[in-house]
Student: 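Sharing a structure here in C-alpha cells format.
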2 protein chains.
Amino acid sequence: MVSDKSALADDAIAAVPEPAPRRRTRSGGAPTIYDIAQLAGVNPSTVSRALNQPGRINAKTEARVRAAAKELDYHANPMARALPTGRTNTLGLFLADITNPMVFDVVRGAERAATAAGLTLVIAESQESGDLEETAIERLLPSVDGVVLATTRLSDERILALTRRKPVVLMNREVDGVTSVVPDIGPGVDETVAHLHGLGHRSIVYLSGPTTSWMSGRRWDALSASVVAHGMSLIEIGPNAPTLAGGRDAFARVQLSGATAVVAYNDLMAIGLLREASLRGVVFPDNLSIVGFDDIFGSDFTSPPLTTVRSPLLEAGTRAVDLVLHAITTGDQVTPCLVTGDLTTELVVRGSTGAPQAT
Amino acid sequence: MVSDKSALADDAIAAVPEPAPRRRTRSGGAPTIYDIAQLAGVNPSTVSRALNQPGRINAKTEARVRAAAKELDYHANPMARALPTGRTNTLGLFLADITNPMVFDVVRGAERAATAAGLTLVIAESQESGDLEETAIERLLPSVDGVVLATTRLSDERILALTRRKPVVLMNREVDGVTSVVPDIGPGVDETVAHLHGLGHRSIVYLSGPTTSWMSGRRWDALSASVVAHGMSLIEIGPNAPTLAGGRDAFARVQLSGATAVVAYNDLMAIGLLREASLRGVVFPDNLSIVGFDDIFGSDFTSPPLTTVRSPLLEAGTRAVDLVLHAITTGDQVTPCLVTGDLTTELVVRGSTGAPQAT
DNA sequence: TTGTACGCGTTATCAC
DNA sequence: GTGATAACGCGTACAA
C-alpha cells in the first residue's frame, strides 16, 4: 500500500558504497538517556537533569554525562519528552495553497516570531482541499503547541472546535470566539476606488474568489461601500479559482461585461487575466485597467506591472504567531480578539491602471 | 522570553464572546482511551483494538466504543502512538528557501506521493541558514519516519550522519552513500550552449550561486564541458546569493565583463539581473542574452520573458518521497542510489536570448 | 472476545 | 547532588 518497487526499477541507478548501518545501541533504536547513563555510570534521571538544567548539578558529573551524550550522538526524543510535559516546542502553520506567492511573507513573519521564541515552525498545506486540510490538522494538532490557520477552508464550526483543543489563531478571516489577525482592507480599497474614479472610470467589475474564501467576501463588501461613496457602480464576476488559471478563464466574461476596470480578488487572478487579455489584443491600460490584491512576487514584472493593494503580510504572520505564543504561555486563558489596528493596507500604483480611452 | 504582552496592547482589539473552555476530561488533557474505556465500560486495550483493528472485535462492543469516542471528540495522540510503534506516519521535507518559486513543484510532487501513501508531509525551511536547518532537522527528525532534503546547505558529513538515524533522500545533490534524486542537467545545458552558439555568441558568463550549493557547481561543470565542445569560452562571476537581489547586485560586474550572454545559476538571479539591466538601459536581447534555470513561476512574464532550463521538479519530488517510502517499508535496508535516468532537463526558449548586435 | 501487564523515552516527585 | 519510581498515552504479547 505504501510504495512499489517500480520506483527503483529501470532507471539509471548507480550503486554507491556501503549501505550505512543505522543505529548503534542495544534496543536497536536511537540512543536514549539509559544508554548515556550506562556509559557515564550514573542514573538516567541524572542524565535528564544534567542535560536540561545545566549548573544545577555537579560540574564533573555533568561533564561526564555531556561527553557520553556527544559520543553516542544523543538527541532527545521530542515525542517522549512531550508526553509528560505536554509541550512540543513546535507550532503549526496551515496553508491552503503553497504555490501562491502571497504566503511568502506570511511564512517569513511566522518563522521570525517562532524562531525568536525558540520554537520550530512546521508548515502544512492542503492544496485548496478542505478534506486534506482536515486530515492534516487532525494528524498534526497533537504534535504542536499551537496553530495558525493562514488561509483555511474549514467551516466556522470546525475552526471553533479546534479552539477547544489547542490555541488557534486565524488569519484573513473572522470567526466568533476565535482570535484572528486580519489587515484592515478599508484604506487600500478606498484608495483603489478613488484612484479608478480619478482616472475616469465609472464602473468596476469585481473578480471574486472561491465562495469558501471569507476574505473574498470582505473585499467585495469594502468595494461596495467605497463604490457607493464615489457614486460608481460595481458588479461581480465569479466565483473563480484564486489562481492564474482562474483569472485567465474569466477573460471572456470580463470582455463580455464591457468593463473598463477590474479589481481581482488576488494578484494571481489579476495576473492571469492580464496575461490572457494581452494575448487577446487588449491594450493596457487604455482598454482595461486591472487591480489585484497582495502585491505578490512577480506582480511588479508583468507587462504592464500590476497595480495592487498591498497587505502587511509579514507583520500579520509575526503577529499571529505572537498571539499563539501568548495564549500558550498564559495557559490558554486568553480572550478571543481581533487584531486589525496597525495592520493597514495601501494601494501600489503601477502600470496596469490608467484612464479609459473611448473606442 | 517567549512573547510580551505588547502584542496584545494598544491595537484595535475587539473583545468577542466567551473564551471557549478547553478540554473536558479528568486529567485536564485531551480525552484518552482511558476516558473512552470508562464511558463505554470496557478495558482501554479493547478501545485500542476497536479503533485500530475494525472487525477483529465484537461488533456491538466496537460500536459502543466508537460512539464513546465520537462523543468525547477523541483523537489518538500520534506521539504516544509513535513511542511503542516507532512510526509517526509523517514525512519531513526540508527547504532552504520557501520564497523561491522553484519549490512549488517539489512540494506538490512530494505531497502527491505522501498523500497517496497515507502519510502527512510536514515542511520546514531554513531561510538559507545552515544553522537553522541543523536545529530544525534536529527537532523534527525523531518525529518523522523519513526525510527529503530538497535544497540542503548541510555538509556531506552531517548528511551522511542523518542517514544513520532515519531514511534520507537527497535532491539536487550527490553525497557518497546517500540516496539522491538529481535531474540530468546535461541535455538542457547542451541545448543552451548550442542555442547561444547558434545565435552567434562566442563567450558565456556563468553567474554562480552560493558556494554551499552543490548544484551550482554541477551547472558550472556541465557548462564547461559543453562550452569546450562548441569552441566557446566561459567565465564565472560569483558567488552570488541565489535570489533576485543576488542577480541584481551582479549587474555591475556583468556589464564590466563585456558579456554578450549570461547563464545564471537559477531563475531568481536571472530575473534580478534582467530587471536591473533593463532599468539601466540594456536592451534585450540585442545587448545581452540571459538564460536561467528552473522555469519558475513568473519567468514567463518578465520583459522579455526568460529563456530557461526546465527541470522535472514535480517528478523529482514524487520520486524522492517514493524512495523514502521504499526505504521505510523495506526496513531501511536499501542500497544508496542515484536516480537520474528519466529526469531530464530541456531548454525553454523565450525572448531573453537572441543574436548579439554589434555596438 | 476481552482483560492484564509491560515497554516506548522522558520528566517530575519523591527519598536518600 | 543523586538514585529510584511513578506517570504521560498508546500498542501489544500474553493470559484468561
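Order of the sequence lines sets the chain letters (A, B, ...), proteins ahead of strands, with each chain counted from 1.
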Student: Any side-chain heavy atom of Val147(B) sitting closer than 4.5 Å to one from Phe94(B)?
Tutor: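 They are in contact (side-chain heavy atoms under 4.5 Å apart), so the answer is yes.
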Student: Is any side-chain heavy atom of Leu338(A) closer than 4.5 Å to one of Glu174(A)?
Tutor: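 Heavy-atom side-chain distance check passes, below 4.5 Å.
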Student: So what does Ile57(B) hit on the nucleic acid, given a heavy-atom distance under 4.0 Å: a base, only sugar-phosphate, or nothing?
Tutor: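 Result for Ile57(B) = sugar-phosphate.
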Student: Grab the CD1-C1' distance between Ile33(B) and dC10(D) for me, whole Å please.
Tutor: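 The distance from CD1 of Ile33(B) to C1' of dC10(D) comes to 5 Å, rounded to the nearest Å.
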Student: Look at all strands and tell whether Ala76(A) reaches a base, only sugar-phosphate, or nothing, counting heavy atoms closer than 4.0 Å.
Tutor: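 Since only primed, P, OP1 and OP2 atoms lie under 4.0 Å of Ala76(A), the category is sugar-phosphate.
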Student: Would one find a side-chain N or O of Tyr34(A) under 4.0 angstrom from OP1 or OP2 of dA4(D)?
Tutor: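 No, Tyr34(A) has no side-chain N/O under 4.0 Å of OP1/OP2 on dA4(D).
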Student: Between Ala80(A) and Ala59(A), which is nearer to the 5' end of DNA chain D once each is assigned its nearest nucleotide?
Tutor: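 Final value for this comparison: Ala59(A).
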Student: Let me confirm one number: the CZ-OG1 distance from Arg108(B) to Thr99(A), rounded to the nearest 0.5 Å.
Tutor: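 The distance works out to 4.5 Å.
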Student: Would you call Glu111(B) and Leu132(A) a side-chain contact if the rule is heavy atoms closer than 4.5 Å?
Tutor: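 Not in contact.
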Student: Quick check on dG1(D): is either OP1 or OP2 less than 4.0 Å from any side-chain nitrogen or oxygen of Thr61(A)?
Tutor: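 Answer is no, no contact under 4.0 Å.
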Student: Are OP1 or OP2 of dG9(C) and a side-chain N or O of Arg81(A) less than 4.0 angstrom apart?
Tutor: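 Looking at the OP1 and OP2 atoms of dG9(C), neither is under 4.0 Å from any side-chain N or O of Arg81(A).
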Student: Under 4.0 Å, heavy atom to any atom of DNA chain D: which of residues 41-55 of chain A qualify?
Tutor: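 Of all residues in residues 41-55 of chain A, the ones placing a heavy atom under 4.0 Å from DNA chain D are Val42(A), Asn43(A), Ser45(A), Thr46(A), Arg49(A).
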Student: Is a donor on one side and an acceptor on the other found under 3.5 Å between the side chain of Thr90(B) and the backbone of Val144(B)?
Tutor: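 No, the answer is negative, given that no donor and acceptor are paired below the 3.5 Å cut-off.
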Student: With a 3.5 Å cut-off and no angle check, do the side chains of Asn43(B) and Ser45(B) form a donor-acceptor pair?
Tutor: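 Looking only at side-chain atoms, Ser45(B) and Asn43(B) do form a donor-acceptor pair, the distance falling under 3.5 Å.
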Student: Just the rounded figure in Å: distance from C1' of dG9(C) to CG of Asn77(B).
Tutor: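 Atom-to-atom, Asn77(B) to dG9(C), this comes out as 14 Å.
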